[in-house]
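Data first, discussion second: the structure below is written as structure tokens.
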Amino acid sequence: MADPTQPTPANTNTLEPKPAAALTEEAKQTFVVGAAAGSEPHVEDAAIRPFQFRASDQDLADLKRRILATRWPDKETVGDDSQGVQLATMQKLADYWANQYDWRKIEARLNSFPNFITEIDGLDIHFIHVRSKHENALPIIVTHGWPGSIVEQLKIIEPLTDPTAFGGSADDAFDVVIPSMPGYGFSARPTGPGWNPPRIAQAWLTLMKRLGYARFTAQGGDWGALITEILGAMAPPELIAVHTNMASTAPPEVFDALRSGEAPPPDLGKDEAWAYERLEQFFTHGLAYANQMGQRPQTLYGIADSPIGLAAWFLDHDQFSYRMIARVFDGETEGLTRDDVLDNITITWLTNTGISGARLYWEALPRTSSGFGIEKNNIHFFEPIGVRAPMAVSAFPEELNQAPRSWAERAYSNLIHYNRLPKGGHFAAFEQPGYLVDELRTAFRSLRR
């Protein structure tokens, strides 16, 4: 079977974004919500424009210069990672980034897929769209998270769209849509507030309908998980089911105990007690980055000015992911490679989207979308939001929320699939694409027609 983690680019041509086509009559009737009072409403261009990206040689040379000019801090004063991303790991990363890493490889890989831009709600949204050659392929929109980009999902595209080449049957085929979230990668950076998770979910519905899909599924992890579950709570008629690898399942009594700092509920089963322990660890020691971005994202000038600053910020997402990445730069074989890690960081550096992506945490505060954000140092990612669509859950053993089956059955009124995987962590599509592909094939098989 072909290895989905080692694809061969089909086309390395690079182009600048094409200008928008003339407005169609349908597009002329589409207006952006929220135009200022007394102003002319903005006419939204519903055209879908081909897009490819090529970083300039000057930008790549500047990146290398900045890496080599890094002013390093002292080594941490402890022998573990309790003070954050360790100096030895970052110096190994910097040496590889400056002297061996080749951005052009992932650039060619990105451009080998059909890329597009379309305006939705006043903002240019980038997305990859790959149609399967098989009839009756099931459409799916897959959403990345933070610190992430569309690079996370590249390994699952071909196994989903061409299953017969990757151990599946034609009946397993998907049409795959992978958008860049607003302010991330090749999507435009919002110039005003308001692009919160519910608005993104609504934009994804617009995108899928614009692509001609009368029925589709959705999948996501991290922020993509929350956006996908919001779609499931909206439950538009076009959406037939959703899947997540980071489920929001923690019951109210668990959140009450976590917020109060009291002992866990006394009647937790073995799996539930382990899940509680993991959540307590994250809320106690793992929220520093979320608190900063949720409260003061603009202050993070260092991640816009220093590539090593950006890389360290990205590596410090969660303890398990960081330790896996540290082992990678120590030469061990893991779900991710050194190139994988740097591909994801470099796309953010080249598009200058470190701070615009960070603002999503600020947007998710209750001030802009009550119930989907940070409050009293707790992220509501793991709290059920009332998904009504058929729901599928894949629980990876090193995910932040372990999502025991009992919690999933309680959180989702229409749970159509649940499985606990033997390996993998927070970035499932990136780390364990084979497992995730199998999960999506299995989870949605009964919904095909």
Which distance, rounded to the nearest 0.5 Å, do you find between the [atom1] of [X] and the [atom2] of [Y]?
X	Y	atom1	atom2	value
Arg327	Glu334	CZ	CD	4.0 Å
Ile178	Phe113	CD1	CZ	7.5 Å
Leu350	Ile345	CG	CD1	12.0 Å
Thr299	Gln292	OG1	CD	5.5 Å
Leu400	Asp222	CG	CG	8.0 Å
Leu421	Asn245	CG	CG	9.0 Å

Side-chain ([X]) to main-chain ([Y]) donor-acceptor, under 3.5 angstrom:
X	Y	result
Glu431	Gly335	no
Glu44	Gly122	yes
Ser187	Ser180	yes
Arg420	Gln402	yes
Ser260	Ala257	yes
Glu363	Gly194	yes

[Y] side chain reached by [X] side chain, heavy atoms, under 4.5 Å:
X	Y	result
Leu342	Leu93	yes
Ile355	Gln298	yes
Pro193	Trp362	yes
His317	Tyr322	no
Ile230	Ile385	yes
Ile303	Thr348	no
Trp223	Tyr361	yes
Phe53	Asn115	no

Do Arg49 and Asp124 pass the side-chain contact (heavy atoms from CB on, under 4.5 Å) test, and can you show the C-alpha distance, the side-chain angles, and the key distance before you say yes or no? CA-CA 10 Å; Arg49 296 117 60 189; Asp124 273 353; 3.0 Å; yes

Non-neighbouring partners of Ser446 that pass side-chain contact (heavy atoms from CB on, under 4.5 Å), sequence neighbours left out: none

Taking only residues two or more places apart in sequence or in another chain, which ones pass side-chain contact (heavy atoms from CB on, under 4.5 Å) with Ser321? Asp318, His426, Phe427

Which heavy atom of [X] sits nearest to which heavy atom of [Y], and what is that distance?
X	Y	result
Ser132	Asp175	N-OD1, 2.7 Å
Lys423	Tyr435	O-CD1, 3.8 Å
Ala247	Tyr412	CB-OH, 3.5 Å
Ala46	Thr118	O-OG1, 3.7 Å
Arg189	Ser356	CD-OG, 3.4 Å
Glu272	Gly269	OE1-N, 2.7 Å

Does the pair [X]/[Y] count as a salt bridge with the N-to-O cut at 4.0 Å?
X	Y	answer
Arg405	Asp271	no
Asp343	Arg109	no
Arg448	Asp171	no

What is the ring orientation for [X] with [Y], classed by angle as parallel under 30°, tilted 30 to 60°, or perpendicular over 60°?
X	Y	value
Trp146	Tyr289	parallel
Phe282	Phe382	perpendicular
His126	Phe186	perpendicular

Run the side-chain contact (heavy atoms from CB on, under 4.5 Å) check on Ile141 and Tyr213 step by step: do they pass? CA-CA 11 Å; Ile141 183 167; Tyr213 293 123; over 6 Å; no

Under 3.5 Å, is there a donor-acceptor pair linking the side chains of [X] and [Y]?
X	Y	result
Thr244	Glu229	no
Ser149	Asn344	yes
His243	Ser394	yes

Are Arg199 and Trp195 in a cation-pi contact, defined as NZ or CZ under 6.0 Å from the six-membered ring centre and within 45° of the axis? yes

Applying side-chain contact (heavy atoms from CB on, under 4.5 Å), run through Ile106 and Asp339 and close with a yes or a no. CA-CA 9 Å; Ile106 188 62; Asp339 281 359; over 6 Å; no

Please determine whether the number of non-hydrogen atoms from other residues, nucleotides or ligands lying under 6.0 Å from atom CZ of Arg445 exceeds 12. yes

Where do Asp162 and His134 land on the side-chain contact (heavy atoms from CB on, under 4.5 Å) test, with the steps shown first? CA-CA 8 Å; Asp162 190 12; His134 299 292; 4.0 Å; yes

Result of checking Leu123, Leu360, Asp121 against Pro182 for side chain to side chain contact (heavy atoms under 4.5 Å, CB included): Leu123

Using a 3.5 Å cut-off and no angle test, enumerate the donor-acceptor pairs between side-chain atoms of residues 231-240 and protein atoms at least two apart in sequence or in another chain.
none

